[in-house]
Amino acid sequence: MQRIKCRVEELREYVDTIWHVALTPQQAVSFKPGQYLLVVMSDSDKRPFSIANSPTRSGVLELQIGATPENAYAGQVLARMREQGEIEIELAAGKAFLRDESPRPLILMAGGTGFSYARAILEYLIDTGSKRPVFLYWGVRQAHWLYEQGLMQQWERDYAPLTFIPVVQEPQADWTGKTGLVHKAIMDDFVSLHDYDIYVAGRFEMAGAAREEFKVLGAEPERIFGDAYEFI
């Protein structure tokens, strides 16, 4: 993997506890859509974050970091970026990158800031003019955490292969979209998952439940991709 320094170009809060980070690497970088980088806090402390943009957007690395007050793991990374204005990273890591050679339609399933992983894949598909149908399901606990919902709705209008489905677990009275668990929403919408490539990012328990239950609808285990599956 490459180890390089990056200048922190942007650090702003999307919504409460979720931050957008834009880094400018000091040399050219190479990665595949859906891979992640490691923020080097020390040689023995390297912290993974999904790259939120496509490699077609050269010269920038975007991150979407959830950092609640009790989450020192992410909070310390943001603090160093804020204080030093630069950060050292290693990349690229992860085996759940887009299988670009596949002709199959895609389902991108994201929970919370796992959205950044799906976003990078989707941006690559748009930039390369892919015609593969793609369904993006983004699950959050409450609707205000759909921090790029407006952008996704715009992409859906502009990019014909895309269907965007936000799912809220604990909806307010004014929410009119899908509710409940995001993987259950997918299962409600598809009679069979046999012919799809499925990409999953989010909490390990969500990823594990999705893999097992998707098999019931015919999903092929070798066509379900997610970095969580390296650990569970």
Side-chain angles (χ1 to χ4, degrees), residues 1-15 17-41 45-67 73-100 106 108 110 112-130 134 136 138 145-159 161-162 164 199 201-202 225-227:
M1 287 195 291
Q2 294 176 283
R3 181 182 286 203
I4 59 174
K5 286 186 177 180
C6 296
R7 186 170 64 248
V8 180
E9 297 291 351
E10 188 175 11
L11 181 60
R12 63 179 171 85
E13 201 170 19
Y14 276 121
V15 294
T17 74
I18 299 176
W19 294 80
H20 171 264
V21 177
L23 305 174
T24 299
Q26 293 185 356
Q27 63 192 72
V29 298
S30 177
F31 63 95
K32 297 177 180 180
Q35 288 193 300
Y36 60 90
L37 58 75
L38 301 167
V39 171
V40 181
M41 302 296 282
D45 183 1
K46 302 173 185 180
R47 306 184 185 186
F49 295 94
S50 291
I51 302 170
N53 63 287
S54 165
T56 53
R57 308 295 174 101
S58 60
V60 66
L61 295 168
E62 295 181 38
L63 308 176
Q64 298 176 345
I65 299 178
Y73 188 88
Q76 290 165 0
V77 170
L78 292 173
R80 179 173 293 189
M81 291 179 178
R82 193 176 295 113
E83 292 163 5
Q84 298 184 2
E86 64 178 23
I87 203 77
E88 196 170 42
I89 66 166
E90 291 183 354
L91 80 171
K95 299 178 181 178
F97 51 83
L98 173 67
R99 269 54 178 182
D100 195 29
L106 305 96
L108 309 178
T113 54
F115 166 76
S116 58
Y117 163 83
R119 184 191 192 280
I121 292 174
L122 178 57
E123 188 172 66
Y124 178 85
L125 294 169
I126 293 172
D127 284 355
T128 57
S130 171
V134 54
L136 170 58
W138 184 10
W145 278 312
L146 293 165
Y147 50 87
E148 284 197 330
Q149 180 178 12
L151 178 63
M152 292 304 102
Q153 291 170 334
Q154 182 63 53
W155 284 9
E156 184 179 32
R157 288 191 291 270
D158 294 343
Y159 182 56
L162 173 61
F164 169 57
Y199 294 83
F225 307 99
D227 288 311

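Numbering starts at 1 and runs along the sequence shown.
No donor-acceptor pair closer than 3.5 Å links the side chain of Asp45 to the backbone N or O of Val40. The backbone N or O of Val60 sits less than 3.5 Å from a side-chain atom of Asn53, completing a donor-acceptor pair. No side-chain donor-acceptor contact under 3.5 Å links Glu62 to the backbone of Ala52. The backbone N or O of Tyr73 lies less than 3.5 Å from a partner atom in the side chain of Arg47, making a donor-acceptor pair.
Annotation for Ala120 and Pro33: closest pair O-CB, 4.0 Å, computed over non-hydrogen atoms. Contact record, Ile65 with Ala74: CG2-CB, 3.7 Å, taken as the closest heavy-atom pair. Between Ala92 and Phe31, the closest heavy-atom pair is CB-CB, 3.5 Å. Annotation for Ala118 and Ala110: closest pair CB-CB, 4.3 Å, computed over non-hydrogen atoms. Ala67 and Leu78 make their closest contact through CB-CD1, 3.5 Å (heavy atoms, listed as atom of the first residue, atom of the second, distance). Scanning both residues, Ala96 and Tyr199, for their nearest heavy atoms gives O-CD2, 3.9 Å.
For the pair Arg99 and Phe97, the cation-pi test (distance below 6.0 Å, angle within 45°) is passed.
With sequence neighbours left out, the ring pair (Phe, Tyr, Trp, His ring centres under 6.0 Å) criterion links Tyr147 to Tyr14, Phe115, Trp138. Take Glu9 and apply the side chain to side chain donor-acceptor pair (under 3.5 Å) test, not counting sequence neighbours, and it matches Arg7, Thr24.
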Please evaluate residues Trp19 and Met81 with respect to the criterion side-chain contact (heavy atoms from CB on, under 4.5 Å), reporting the C-alpha separation (whole Å), side-chain torsions for both, the decisive distance (0.1 Å), and the verdict. CA-CA 12 Å; Trp19 294 80; Met81 291 179 178; over 6 Å; no
For Tyr124 and Asp100, run side chain to side chain donor-acceptor pair (under 3.5 Å): C-alpha distance rounded to whole Å, both residues' side-chain angles, the deciding distance at 0.1 Å, then the answer. CA-CA 10 Å; Tyr124 178 85; Asp100 195 29; 3.0 Å; yes
Evaluation steps, side-chain contact (heavy atoms from CB on, under 4.5 Å), between Val39 and Arg80: CA-CA 10 Å; Val39 171; Arg80 179 173 293 189; over 6 Å; no
Could you give me the CA-CA distance, side-chain angles and deciding distance for Leu106 and Leu125, then say whether side-chain contact (heavy atoms from CB on, under 4.5 Å) is met? CA-CA 10 Å; Leu106 305 96; Leu125 294 169; 4.1 Å; yes
I would like to know whether Leu98 and Lys32 meet side-chain contact (heavy atoms from CB on, under 4.5 Å); could you show each step before the answer? CA-CA 7 Å; Leu98 173 67; Lys32 297 177 180 180; over 6 Å; no
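Under the 4.5 Å side-chain criterion, counting only non-hydrogen atoms from C-beta, Lys46 is not in contact with Met1. In this structure, the side chains of Leu37 and Leu63 come closer than 4.5 Å at one or more pairs of heavy atoms. A 4.5 Å side-chain heavy-atom check between Gln35 and Leu91 finds every atom pair outside the cut-off.
Residue Gln64 holds its CD atom at 6.5 Å from NE2 of His20, rounded to the nearest 0.5 Å. Rounded to the nearest 0.5 Å, atoms CD1 (Ile4) and CG (Leu61) are 6.5 Å apart. We find the CD-CD distance between Gln154 and Glu148 to be 12.5 Å, quoted to the nearest 0.5 Å. To the nearest 0.5 Å, atoms CZ (Phe49) and OG (Ser116) are separated by 10.0 Å.
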